[in-house]
Every structure is written in structure tokens, then in C-alpha cells.
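Only a predicted model underlies this, so the values are computations on that prediction, with no experimental measurement involved. Atoms considered below: every heavy atom in the structure, side chains included; atoms not considered: hydrogens, waters and symmetry mates. When a ligand or atom number is given, it counts from 1 through the structure's own listing order.
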Amino acid sequence: MKTVTIAGQTVPQTAALAPMASVADTAYRTLCTEHGACMCTGELVSAKGLCYGSRGSAELCRITPQERPMGLQLFGSEPEFIAEAVKLLLPFQPDWIDLNMGCPVPKVVNQGAGSALMKTPELAEQIMRAAVKAADGAVPVTVKMRTGWDAASVNAVDFARRMEAAGAAAITVHGRTRMQYYSGNADWAPIAAVKAAVQVPVIGNGDVQSGADAVRMYRETGCDLVMVGRATYGNPWIFGEIAHTLAGEPYTAPDVRTRLTEMLRHIRMILDMSEKSEQLAMREARKHALWYLRGRAGAAAFRARSASLETYADAEKLVQEYLAMHEKRD
Ligand SMILES: Cc1cc2nc3c(=O)[nH]c(=O)nc-3n(C[C@H](O)[C@H](O)[C@H](O)COP(=O)(O)O)c2cc1C
């Protein structure tokens with residue numbers, strides 16, 4: 001297995017788990033790491049929130065040994081707050097600190113943060129310099145960006161060069177503009193252009209949904225690592241699929257019993273790792289249950305039921321009933 005060194009971490013050159021707010025929490029990251037995600041990043045954390053002592057922000061910074069190597073991600077638009085927040089992250093011992101310059105949501109963009117920074121590259125550069133200075137060599141600082149703000153202003157190459165000059169140790173490029181949000185197809189050409197333009201490692205991201213896609217992204221962009229987000233929903237096996245496909249080995253997808261048994265284990269992990277009550281944590285587990293059931297034959301009624309799971313026992317019952325029906329039908 002080939003390895004690659006990114007932000008000081010030498011990992012198998014397979015695939016990283018993308019940061020995903022409200023999805024890729026501790027349980028999710030642990031599960032994906034077990035399935036072969038070679039690195040992961042925490043959910044975006046408000047630099048200002050952290051500086052003002054928000055408990056919610058600090059909770060997002062917890063790292064367990066099972067998730068490593070793992071980075072923590074900050075968003076913000078003021079260099080002073082970013083610098084202060086970097087210092088506040090250090091006690092959590094992230095393996096690197098990532099700066100979010102790709103988030104498209106209005107709440108973030110309207111503060112001039114996330115992907116809005118692609119419209120203000122000088123400010124983005126100041127933010128990166130402030131973060132690198134505050135990290136003071138204790139951890140590398142990386143950036144996750146898009147290809148530009150909109151189709152008329154694709155500036156990925158110039159932006160990435162600025163990030164590198166300001167001290168970024170690695171650059172992740174999601175092959176969409178801000179205005180695309182998550183729709184349409186990701187454009188991998190700017191990822192290839194960034195890779196050709198900078199010396200630091202480049203992580204390619206956007207629409208990798210299979211082992212074959214990962215192979216194609218490595219080939220078409222020359223990126224150092226592939227990062228996968230939504231295709232991991234209810235499918236942590238994608239990391240195994242990618243590793244096998246890259247190694248030229250045959251891959252067999254898990255059967256439905258294996259999938260749903262893993263779904264229960266995932267739900268158990270959510271409950272065990274959450275500080276919330278079973279009832280509240282189950283609300284978060286529901287969407288995952290739905291994703292594991294997606295595309296399963298005859299699962300429509302079970303998917304509907306997953307939206308009202310209240311306890312772990314409810315989830316167990318649902319799985320038993322689905323398997324009984326599925327196995328009888330077969
Ligand atoms: C629900 C959700 C939450 C996300 N949260 C973050 C985040 O906190 N930080 C970030 O940099 N990107 C975030 N993203 C973007 C993903 O990391 C990734 O760039 C995007 O989904 C494209 O990759 P994919 O096509 O493999 O899903 C999020 C995406 C989704 C769907």
C-alpha cells in the first residue's frame with residue numbers, strides 16, 4: 001500500500017473522511033476510521049464561539065485516540081479571532097488545524113467566512129498567516145476551499161497559491177463553486193490545476209461515490225489524497241471498497257444482514273459517545289438509520305419508521321423485522 005505524508009501525518013494513500021457538520025461526529029469518525037478512512041477532520045467550529053467560551057464549540061473539539069489522525073476545523077473572518085481560536089484548540093491536541101474557506105451556508109457566508117473568503121483572497125491570506133503564526137510550529141495549518149465563488153469567478157489556482165505562500169501545509173479543494181452549494185457535478189479540473197500550481201499536498205474532494213471514482217480522481221487530478229463525504233452515508237464500507245479498488249483487488253459489498261448489524265453498532269456508538277439522553281441521541285441516530293436502509297429492497301415502510309425511532313430497542317426491532325421479511329422473501 002502506497003503511503004502519503006500530509007500535514008505531518010504519514011497515512012495509506014486511500015481516502016480521508018470529509019468534515020461534515022451534524023453528520024461526521026465522534027461516533028461517525030470512529031466508525032469510518034475503523035473501516036479504513038486514513039484521516040478525518042472535525043465539524044466546523046466557530047472561531048468567535050470558541051473565543052467567547054461557547055460550550056457547544058468546545059464540545060466539537062474533543063478528539064478520541066481512535067479517530068486519529070484527526071484535524072480540527074475553524075471558521076471565521078477576523079484574523080485576530082482565528083489566531084486566538086488556534087491557541088484555544090492546541091490543548092485538544094489536534095494533529096493539524098484546518099481553516100474552512102468552503103462552507104456555503106448563509107449563516108457563515110454572511111459573516112464573510114467560509115466560501116465568502118474566496119471573494120476576499122487578501123483577507124483569506126491574512127487569516128492563514130495569523131493562524132500559522134498562532135500555531136507557532138506546534139501544529140500544521142491547512143485549508144479547505146472551493147473552486148471559487150461562482151462560475152464567473154473561479155480562482156482556485158490563485159487562491160491556493162496565496163494559501164501556500166501564507167503557510168498552508170496542505171490544501172483541500174472541493175470541486176464546486178459556492179453558488180453550486182452541493183448541486184450539479186463537481187468539476188475536478190480545478191483540483192488538477194491547483195495540484196500543478198503548488199508544492200504542498202493537495203486533497204481532492206467532490207462526488208467520489210465508489211472505488212472506481214477514487215481511482216479516476218487520483219488519475220485525472222494527480223491529487224495526493226482523495227476525500228469522501230456524502231458517499232459515506234450509511235456506507236462506511238466505501239473506504240474498504242476504495243482501498244481494494246486502488247490495490248486492484250476484487251471487492252464484495254457486504255450483505256444486508258452485515259449492513260444492518262453495523263447500523264445497530266453505529267447507533268450504539270452514537271448513544272454511548274453522546275452526552276445526551278438516549279431519547280435525544282436517538283433523534284440524531286434516525287438519519288443514519290434511514291441512510292443504511294436507503295436502496296434496500298422493500299425497505300420503504302422501514303425507512304419511514306426510522307424517522308420515529310425513540311430507543312435503541314426500537315432500532316433493534318426494526319432490524320429484526322426487516323431481516324425476517326427480507327430473508328423470507330428471498
Ligand atoms: C451535511 C454536510 C456537512 C458539511 N459540513 C462541513 C464542514 O463542517 N466543514 C467543511 O469543510 N465541509 C463541510 N461539508 C462539505 C464536505 O466536507 C465536502 O466538501 C462536500 O460534501 C463534497 O464532498 P462529497 O461530494 O464527497 O460529499 C459538509 C457537507 C455536508 C453534506
Query raised in the report: Do the ring centers of F81 and Y52 come within less than 6.0 Å of each other?
Result: yes
Query raised in the report: Can you name the nearest heavy-atom pair linking L17 to A24, along with the distance?
Result: CD2-CB, 4.3 Å
Requested in this report: Please say whether more than 12 non-hydrogen atoms of neighbouring residues, nucleotides or ligands are located less than 6.0 Å from NZ in K317.
Outcome: no
Requested in this report: Check whether more than 12 heavy atoms from other residues, nucleotides or ligands sit under 6.0 Å from atom CZ of R294, and answer yes or no.
Outcome: yes
Report task. Can you tell me which residues line ligand 1 if we count any heavy atom under 4.0 angstrom from one of its atoms, in chain and number order? Result -> A18, P19, M20, A21, V23, L44, Q73, N100, K144, H174, Y182, N205, G206, D207, V228, G229, R230, Y233
Query raised in the report: Under 30°, 30 to 60°, or over 60°: which ring-plane class applies to H35 and W237, parallel, tilted or perpendicular?
Result: perpendicular
Query raised in the report: Aromatic rings Y251 and H244: how do their planes relate, parallel, tilted or perpendicular, breaks at 30° and 60°?
Result: tilted
